[in-house]
Protein chains: 2
Amino acid sequence: MSNDSDDSCIVKHFESYAELDENSQQLLLSLEEGPEKWPKNTILWQQGDQSDSFYTLSKGWACSFRDLEDGTRQVLDVYVPGDIVGLREFSFRKRITSVVMLSDAELCAFPRHHLDHIFSSSLVLCSVMFMITSRDQAILLERLVNLGRRSAREKLAHFLVELSYRLLRTNAFVENHLSLPLSQSVLADALGLSAVHVSRTFQEFRQEGLLNTGNAHLELLDINGLQSVAGFDEFYLESPISES
Amino acid sequence: MSNDSDDSCIVKHFESYAELDENSQQLLLSLEEGPEKWPKNTILWQQGDQSDSFYTLSKGWACSFRDLEDGTRQVLDVYVPGDIVGLREFSFRKRITSVVMLSDAELCAFPRHHLDHIFSSSLVLCSVMFMITSRDQAILLERLVNLGRRSAREKLAHFLVELSYRLLRTNAFVENHLSLPLSQSVLADALGLSAVHVSRTFQEFRQEGLLNTGNAHLELLDINGLQSVAGFDEFYLESPISES
DNA sequence: TCGACCCTATAACCTAGGTTATCTCTTGCC
DNA sequence: GGCAAGAGATAACCTAGGTTATAGGGTCGA
């Protein structure tokens, strides 16, 4: 249950935004709970549940989504190892989205009532929290553009390139070809497309040597190629910078 | 330039989330600058500009948007009186979106470097800031659903109903029929539609007695009607609540 | 080891909404 | 007070992507 700061999910995540003094590290550490295993397809929480903690995803993938009245769903975000899940809604009493595991995963909980503690005792942590939510919003804004004004090819390519950038940030080890545990219907639900059309588009991409599709997972073969299909510009992923 | 707390834009806005003690009020007040006039169609800032303050919109309307390579644009959000503009990107060095006035407006600037001051001296202000950004995100998430999974009729109705809720929150005085300074092309760009199709859809809405269109502005006549066209559920607009 | 279920591929067909083009009516501007 | 530019209505036409259906391979639990 107790771990030192080197392998703490949350310390690692925060340090990718700013250096933390010893005090802040200890504070974070003392508030984080140890990792728990969550198998593929389990629901972390559902819309309407009590909202009493957020999590860091130390291993595996997850996504947040909303189910609509007519049976369709909208996937709102995909989370990769190192991401923080649920910070977005931490000041709501109830969850406004649901979250499900896309693969077997490990999560560290961070109870929400500890936040007051953080706000009042560490200025650094407080601004890092803001930076994290800012980056989150930047990603959402870009997703809006993606949904509103791009073609199916562009949507898919853009989404995949974004994910590969996010993966490289925390998982520097990954080599040139990436393997993502995403089914075509998750992608369809994320991008406002039908699963059939995702399949059609992947057919094209395969012929162009951009990627390979497997069973509920896909490999990116040519990220530069995808990037130019998407007209991708990474400016919105640049780390927010504190002014101090 | 100096105003008392009763007519300060930002104090009013913050107090709609939580009661502020005298100290916090004074702190906010001392950091806010007096209102400035910005005429219709002026650009508040553009993507790439230095990001050194955010604003409260005390009078008038504005919207944020992004211009795309192919000449189209995506409107990301519409701001109504009382809203905070630019908080979203305050931890980026540069603006990631542009903002333009949709009507003659008045804004109060709040320089960004004052935030450290706030974080370190008022716990209440700090959590209110988080609540504001949380609500902001909730609205963005709902916009994602709107763009991804709803028909043109639903998109339009949903967007308009959301706006009317947001207006009622701060402008309680407004009677049953609302007048919004929105052109059809702004709506099209916000919802990923073509202006032509917005016009077609408004034609239907007019025949159904839901609204009237004027010149770059429209009147909502039957908000309940629009609400049922949209399948609107206001849960996501509920004020975030602090746990204390 | 069987069967149910999920994931994917692919074909045939269809429609919501995009595009282009005119025309009119305002509005603002010199 | 006249003109250019923006805002809207409407019609004709078109296409990106949705829908439905079928079928094959994988995976997993009993």
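Since we're looking at a predicted model, the values are computed, not measured. Numbered from 1 within each chain, the chains take letters A, B, ... in sequence-line order.
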Rounded to the Å, how far apart are Gln203(A) CD and dA11(C) P?
9 Å
State which residue, out of Thr97(B), Asp77(B), Thr133(B), fulfils the side chain to side chain donor-acceptor pair (under 3.5 Å) condition with Arg88(B).
Asp77(B)
Per the end-axis method with five pairs at each terminus, what is the bend angle of the helix from dT1(C)-dA30(D) to dC30(C)-dG1(D), to 10°?
60°
What parts of residues 144-158 of chain B reach DNA chain C, counting only heavy atoms under 4.0 Å away?
Ser151(B), Ala152(B)
Presence of salt bridge, Asp189(B) and Arg149(A), under 4.0 angstrom:
yes
At under 4.0 Å, does any side-chain N or O of Thr213(B) touch on OP1 or OP2 of dA9(D)?
yes
Side-chain H-bond candidate by donor/acceptor type, Arg206(B) with Thr213(B), under 3.5 Å
yes
Leu187(A) atom CG is separated from dA9(C) atom P, nearest whole Å, by 12 Å
Rounded to whole angstroms, how far apart are CD on Glu204(B) and P on dA9(D)?
13 Å
Salt bridge or not between Arg143(A) and Glu162(A)? Use side-chain N to carboxylate O under 4.0 Å.
yes
Say you draw a straight line from CG of Leu193(B) to OG of Ser199(B); how long is it, rounded to the nearest 0.5 Å?
12.0 Å
Those residues that, when tested against Asp70(B), pass side-chain contact (heavy atoms from CB on, under 4.5 Å) (two or more places apart)
Leu68(B), Thr72(B)
For nucleotides 23-29 of chain C, give me every protein contact, N/O to N/O, under 3.5 Å, one pair per line with atom names.
unit_1, atom_1, unit_2, atom_2, d
dT26(C), O3', Asn215(B), ND2, 3.4

Tell me which nucleotide among dA7(D), dG18(D), dT20(C) gets nearest to the side chain of Ser183(B).
dA7(D)
Rounded interatomic separation in angstrom, taking CG from Leu218(A) and C1' from dA9(C)
15 Å
When the distance from CG of Leu191(A) to P of dG18(D) is rounded to whole Å, what number comes out?
10 Å
Supply the atom-to-atom distance Leu220(A) CG to Ser164(A) OG, rounded to the nearest 0.5 angstrom.
6.0 Å
Between C1' of dG17(C) and CZ of Phe202(B), the distance in whole Å
16 Å
Rounded distance (nearest 0.5 Å) linking atom CG of Leu156(A) with atom CD of Glu154(A)
10.5 Å
So if I take every side-chain heavy atom of Arg206(B) and compare against dG17(C), dA9(D), dA9(C), which nucleotide ends up nearest?
dA9(D)
On DNA chain D, check which nucleotide each of Ser199(B) and Ala195(A) is closest to and give me the residue with the more 5' one.
Ser199(B)
Partners passing side-chain contact (heavy atoms from CB on, under 4.5 Å) against Arg200(B) (at least two apart in sequence or in another chain):
Val196(B), His197(B)
Whole-Å distance, Asn41(A) CG to dC5(C) C1', equals 12 Å
Of the candidate nucleotides dA9(D), dT19(D), dC7(C), which contains the atom at the shortest distance from the side chain of Gln184(B)?
dA9(D)
So does Arg200(B) reach the base of dG8(D) with its side chain, donor to acceptor, closer than 3.5 Å?
no
From NE2 of His197(B) across to P of dT10(D) the rounded distance in Å is 15 Å
Assess whether a salt bridge exists between Arg150(B) and Glu142(B), defined as any Lys/Arg side-chain N lying under 4.0 Å from an Asp/Glu carboxylate O.
yes
Under 4.0 Å, heavy atoms only, any strand: does Ser194(A) hit a base, just the sugar-phosphate, or nothing?
base
Rounded to the nearest 0.5 Å, what separation is found between the CD atom of Glu219(B) and the OG atom of Ser179(B)?
5.5 Å
Any side chain to side chain donor-acceptor pair (under 3.5 Å) involving residues 38-48 of chain A? Give me the pairs, sequence neighbours left out, ordered by first then second residue.
none
